[in-house]
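The next block holds one structure in the form of structure tokens; read it before the comments.
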Protein chains: 2
Amino acid sequence: MSLTADTADQPTLYKRIRADIEKRILTGEWPPGHRIPFEHELVARYGCSRMTVNKALSELAQADLIERRRRAGSFVRRPQHQSAVLKIADIRAEITALGRAYGYELIGRKLRAATAADRDRLGVKKAGKVVAITCRHSADNVPFAVEDRLIDLSSVPHAATADFSREPPGSWLLHHVPWTEAEHTISAIVADDRTAEALDIAVGAPCLVIDRYTWRSARTITAVRLLYPGDSHRLVARFKGG
Amino acid sequence: MSLTADTADQPTLYKRIRADIEKRILTGEWPPGHRIPFEHELVARYGCSRMTVNKALSELAQADLIERRRRAGSFVRRPQHQSAVLKIADIRAEITALGRAYGYELIGRKLRAATAADRDRLGVKKAGKVVAITCRHSADNVPFAVEDRLIDLSSVPHAATADFSREPPGSWLLHHVPWTEAEHTISAIVADDRTAEALDIAVGAPCLVIDRYTWRSARTITAVRLLYPGDSHRLVARFKGG
DNA sequence: TACGATTATATGTCTAGACATATAAGTCAA
DNA sequence: TTGACTTATATGTCTAGACATATAATCGTA
């Protein structure tokens, strides 16, 4: 095998080392469990310093392609098909990316003291004020998704006076709340009367449900349920690297 | 603010630098677009070499928390809620992780020349042989999911003679095929007669559908459709970093 | 004012060392 | 055979430099 590039060292050295090893893993030449060469062996093979091969191996470890064990060496990991990158785009961006006209409609907005059900949904114990919002997103004037959202005003007091009649609450939050963490739960239901009417589908038709719970540093921000017509909407998750 | 840890330097220095910056971004102290200190400033602040702060910043860049621009500096990125890590576990692992008894049952297996529908599903043009497998996974003897799979024998010839009566094809492939890439599509349907019977649910009940298409280096390996009862199964995707 | 050339600078990569630390493997005694 | 102790070693982290390179900012000119 060639250790040096054919034409030149176009990519940097550590990237070439990483790519070389990655290729051997992908092709199965180095199967899961195989011990890849020690750092000092790679140093000798590529004629570079240990920091360089260390950087290549560290990135492979971060990508879960290899596992590094002190004193033992680095080993090819078994593929983990279960981990995929699911892209849940902002609905507006998703629709405009499809080249369709985005439409938004506020159906209802209520400011109230948190009920027991609200607290349960937001995962908070203390009572406080919340805003409950129901709205609909459409593409080319066809209902695309209905949104049912709860915002914790003790975390986002500014949301009490925000105008959600034009701007979707998701977009507003994205611009007014610092970095957050989120958890999505995906499930399927059949449309009840209310959902069927909002999405303009038949009662009993399948719906894809995304429940998103958003927080920042253990502080709840918002909980949202998105309902999509199940036969027309698709969520695509691609395995890492693609 | 304190630059040194209260007790001791329990984590390594570059991890502390990374955590310090991450905290400022998460709390909103450094909002999206904010330029974080230059490497040489952090070097002075932490009293370490540039390689150390470089490692911290590189990892933050890899996690998409910051963006690095030559000559300009490093900047806080806007949160990207749309990217979440979806864990689609191996069904057996998923069930045993729940502390329930895993059951597997082969319903049907056919070896045939690829039909037009098969080729379309696998995304291949040339004809060839395929194995079509239908099976059921159960938890504590309750149907958990039904699987409908197609394996391209031109990519995995060994699958023609594999015994799928005991081992699920997913597990078998995991152990016999090198690293692969995959794409998942999630949607919702209502159960038809055949599905309802296999999952022991009512006709018209909601079902969550995962279509997974797996390949390696542009070579198709398998296409599988998994059907779950929609009211009992959940897919959880957590935003990166959790 | 607009545009092209020059310069300054922050990041990107790399080196040749160093010490720390977890742990696999070997050693020895009960 | 088993358990406790020791040792060897691969990885983990770090340093104090270096040169490369993309590009923002400046300057000069038409």
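So you know, we letter chains A, B, ... as the sequences are listed, proteins then strands, and number each from 1.
Using a 4.0 Å heavy-atom cutoff across all strands shown, A:S58 reaches no nucleic acid atom at all.
In the interface, the side chain of A:R70 is paired with the base of C:dT21 through a donor and an acceptor atom under 3.5 Å apart. Between the side chain of B:R50 and the base of C:dT13 there is at least one donor-acceptor pair of N/O atoms closer than 3.5 Å. Under 3.5 Å, the side chain of A:R71 and the base of C:dA24 form at least one donor-acceptor pair of N or O atoms. With hydrogens and angles ignored, no donor-acceptor pair closer than 3.5 Å exists between the side chain of A:R69 and the base of D:dA10.
Between B:E147 and B:R109, none of the side-chain N atoms (NZ, or NE/NH1/NH2) sits under 4.0 Å from a carboxylate O, so this pair counts as no salt bridge. A salt bridge does not link A:E94 with A:R92: every distance from a Lys NZ or Arg NE/NH1/NH2 to an Asp or Glu carboxylate oxygen is 4.0 Å or more. With respect to the salt-bridge test (charged N to carboxylate O, under 4.0 angstrom), the residues B:D148 and B:R225 do not qualify.
Set against D:dT13, D:dC14, C:dT13, the side chain of A:N54 has D:dT13 as its closest nucleotide.
Rounded to a whole Å, the CZ atom of B:R35 is 8 Å from the P atom of C:dT11.
Using modelled atom types, one finds a donor on one side chain and an acceptor on the other under 3.5 Å when comparing B:R219 with B:S155.
An OP1 or OP2 oxygen of C:dT11 is reached within less than 4.0 angstrom by a side-chain nitrogen or oxygen of B:S74.
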